[in-house]
Protein chains: 2
Amino acid sequence: MNCLELLKAKNLKATPQRMSILKALSKHEHPNIDELYEQIKEEYPAISLATVYKNLGTMIDEGLVIELALPNSKSKYDIYEYEHIHLVCNKCNSVYDLDYDKAYINDYQKKLQNNISFKISNIKMTVFLEECSNCK
Amino acid sequence: MNCLELLKAKNLKATPQRMSILKALSKHEHPNIDELYEQIKEEYPAISLATVYKNLGTMIDEGLVIELALPNSKSKYDIYEYEHIHLVCNKCNSVYDLDYDKAYINDYQKKLQNNISFKISNIKMTVFLEECSNCK
DNA sequence: CTACATGCAAATTTTTTGCATTACA
DNA sequence: TGTAATGCAAAAAATTTGCATGTAG
């Protein structure tokens with residue numbers, strides 16, 4: 001995960017704050033903004049929450065980061081590396097990544113595309129869990 | 001769609017405000033809270049936004065309503081009738097319902113359940129569109 | 001009647017903005 | 001050096017809360 005290259009490729013300045021945000025997200029812990037802010041502060045105590053908001057915004061716009069919107073909980077954030085399924089715990093809202101057989105969804109997407117008139121961009125699958133090891 | 005029965009079944013008082021919210025949601029227009037509030041106000045000009053918030057909260061807790069959390073946009077709400085896929089336009093955030101072949105997802109859920117240790121509650125599929133008739 | 005729901009206003013929380021300053025390229 | 005990013009503080013937006021009053025069951 002070369003954060004510097006990622007930013008360069010999108011013509012975004014590689015400020016230490018941005019690097020730190022990307023580094024934190026690359027752990028795939030799916031922090032919400034407050035958790036992310038706290039984590040960055042450990043390295044850059046002076047960073048402002050506004051900077052985190054602004055950077056998430058621009059990096060989402062550039063496709064480097066994805067926002068995981070969840071019912072009844074603040075959005076969580078993830079660095080974008082490749083498509084994957086998210087497992088979301090209904091009890092504690094923890095999120096886990098899951099690699100999967102893309103063929104299955106690709107297949108479904110094709111089937112679906114034949115039945116609707118608008119162009120499908122992508123399909124997102126979210127698996128909700130009754131509980132998980134974090135909340136049990 | 002008998003809103004009265006729905007509320008009764010959950011031991012919630014069938015106030016006109018609640019009935020009106022459910023009636024509005026049963027149109028499946030997926031309003032966000034502001035759109036919903038405006039709609040209810042046409043019938044009950046005195047209703048307060050706080051009441052709408054409170055009622056959505058309790059009705060979600062009781063499973064009558066679902067919150068559709070979306071990246072970069074306020075949550076939208078839908079009455080819960082049966083599982084279905086949501087089509088979400090990437091450009092204008094419009095949401096459409098789509099009935100589908102449940103067998104496909106049930107099948108996938110079973111496959112997946114064999115590979116993870118936590119109990120799956122349900123799987124949600126969201127199809128993102130590049131654009132739609134509403135924004136074109 | 002009584003417990004729960006409502007409406008209002010205020011409080012809180014979350015997110016955005018403007019701007020002077022800093023620092024990447 | 002110029003442009004874009006930062007931090008701060010203030011503003012705006014979104015959501016929740018407390019409480020007096022109203023009303024469904």
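Because only heavy atoms are used, hydrogens play no part in the values below, and waters and symmetry mates are left out as well, while side chains stay in. Labels below follow one simple rule: chain letters A, B, ... track the order of the sequence lines, proteins then strands, and each chain is numbered from 1. Source: prediction; values computed, not measured.
- For C:dC24, neither phosphate oxygen OP1 nor OP2 lies less than 4.0 angstrom from any side-chain nitrogen or oxygen of A:Lys8.
- Applying the ring-ring contact (aromatic ring centres under 6.0 Å, His included) rule to A:Tyr108 yields the partners B:Tyr104; only residues at least two apart in sequence or on another chain are considered.
- Side chain to side chain, B:His28 and B:Glu81 meet the donor-acceptor criterion of an N or O pair below 3.5 Å.
- To the nearest angstrom, C1' of D:dA14 lies 14 Å from CG of B:Leu56.
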Just the atom pairs and distances: protein N or O near nucleotides 3-9 of chain C's N or O, under 3.5 Å.
{"residue": "C:dA3", "atom": "N3", "partner": "B:Lys13", "partner atom": "NZ", "Å": "3.4"}
{"residue": "C:dC4", "atom": "O4'", "partner": "B:Lys13", "partner atom": "NZ", "Å": "3.4"}
{"residue": "C:dA5", "atom": "OP1", "partner": "B:Arg18", "partner atom": "NH1", "Å": "3.1"}
{"residue": "C:dA5", "atom": "OP1", "partner": "B:Arg18", "partner atom": "NH2", "Å": "3.0"}
{"residue": "C:dA5", "atom": "O5'", "partner": "B:Arg18", "partner atom": "NH2", "Å": "3.4"}
{"residue": "C:dT6", "atom": "OP1", "partner": "B:Thr15", "partner atom": "OG1", "Å": "2.7"}
{"residue": "C:dT6", "atom": "OP1", "partner": "B:Asn55", "partner atom": "ND2", "Å": "3.4"}
{"residue": "C:dT6", "atom": "OP2", "partner": "B:Asn55", "partner atom": "OD1", "Å": "3.2"}
{"residue": "C:dT6", "atom": "OP2", "partner": "B:Asn55", "partner atom": "ND2", "Å": "3.1"}
{"residue": "C:dT6", "atom": "O3'", "partner": "B:Gln17", "partner atom": "NE2", "Å": "2.8"}
{"residue": "C:dG7", "atom": "OP1", "partner": "B:Gln17", "partner atom": "NE2", "Å": "3.2"}
{"residue": "C:dG7", "atom": "OP2", "partner": "B:Ser48", "partner atom": "N", "Å": "3.2"}
{"residue": "C:dG7", "atom": "OP2", "partner": "B:Thr51", "partner atom": "OG1", "Å": "2.8"}
{"residue": "C:dG7", "atom": "O6", "partner": "B:Lys54", "partner atom": "NZ", "Å": "2.8"}

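- Identified under the salt bridge (Lys or Arg N to Asp or Glu O under 4.0 Å) test for residues 50-68 of chain A, with sequence neighbours left out: none.
- Looking at A:Lys76, its side chain does come within 3.5 Å of a backbone N or O of A:Asn93 through a donor-acceptor pair.
- Nucleotide D:dA5 holds its C1' atom 19 Å from the OH atom of A:Tyr53, rounded to whole Å.
- Rounded to whole angstrom, the span from the OH atom of A:Tyr37 across to the C1' atom of C:dT16 amounts to 15 Å.
- Axis orientation changes by 50° from one end of the helix from C:dC1-D:dG25 to C:dA25-D:dT1 to the other, with each end axis drawn from 5 pairs and the value rounded to 10°.
- One N or O on the side chain of A:Gln113 and one on the backbone of A:Phe118 form a donor-acceptor pair closer than 3.5 Å.
- Position along DNA chain D of the nearest nucleotide to B:Leu49 versus B:Ala14 favours B:Leu49 as the more 5'-ward residue.
- Applying the side chain to side chain donor-acceptor pair (under 3.5 Å) rule to pairs touching residues 116-126 of chain A yields A:His86-A:Lys124, A:Ser121-B:Asn90, sequence neighbours excluded.
- The nearest whole Å value for the distance from the CG atom in B:Asn72 to the P atom in C:dT15 is 12 Å.
- Going from atom CG of B:Leu7 over to atom P of D:dA24 covers 13 Å, rounded to whole Å.
- The closest side-chain donor-acceptor pair between A:Asp99 and A:His84, if any, does not fall under 3.5 angstrom.
- Looking at A:Asp78, A:Asn55, A:Thr58, A:Leu22 one by one, the single match for side-chain contact (heavy atoms from CB on, under 4.5 Å) with A:Val65 turns out to be A:Leu22.
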Considering only distance and modelled atom types, tabulate donor-acceptor pairs under 3.5 Å from the side chains of residues 43-50 of chain A, sequence neighbours left out.
{"residue": "A:Glu43", "atom": "OE1", "partner": "A:Ser20", "partner atom": "OG", "Å": "3.1"}
{"residue": "A:Glu43", "atom": "OE1", "partner": "A:Lys23", "partner atom": "NZ", "Å": "3.4"}
{"residue": "A:Glu43", "atom": "OE2", "partner": "A:Lys23", "partner atom": "NZ", "Å": "3.4"}
{"residue": "A:Ser48", "atom": "OG", "partner": "A:Ala50", "partner atom": "N", "Å": "3.0"}
{"residue": "A:Ser48", "atom": "OG", "partner": "A:Thr51", "partner atom": "N", "Å": "3.3"}

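- Nucleotide D:dA14 holds its P atom 11 Å from the CD1 atom of B:Ile33, rounded to whole Å.
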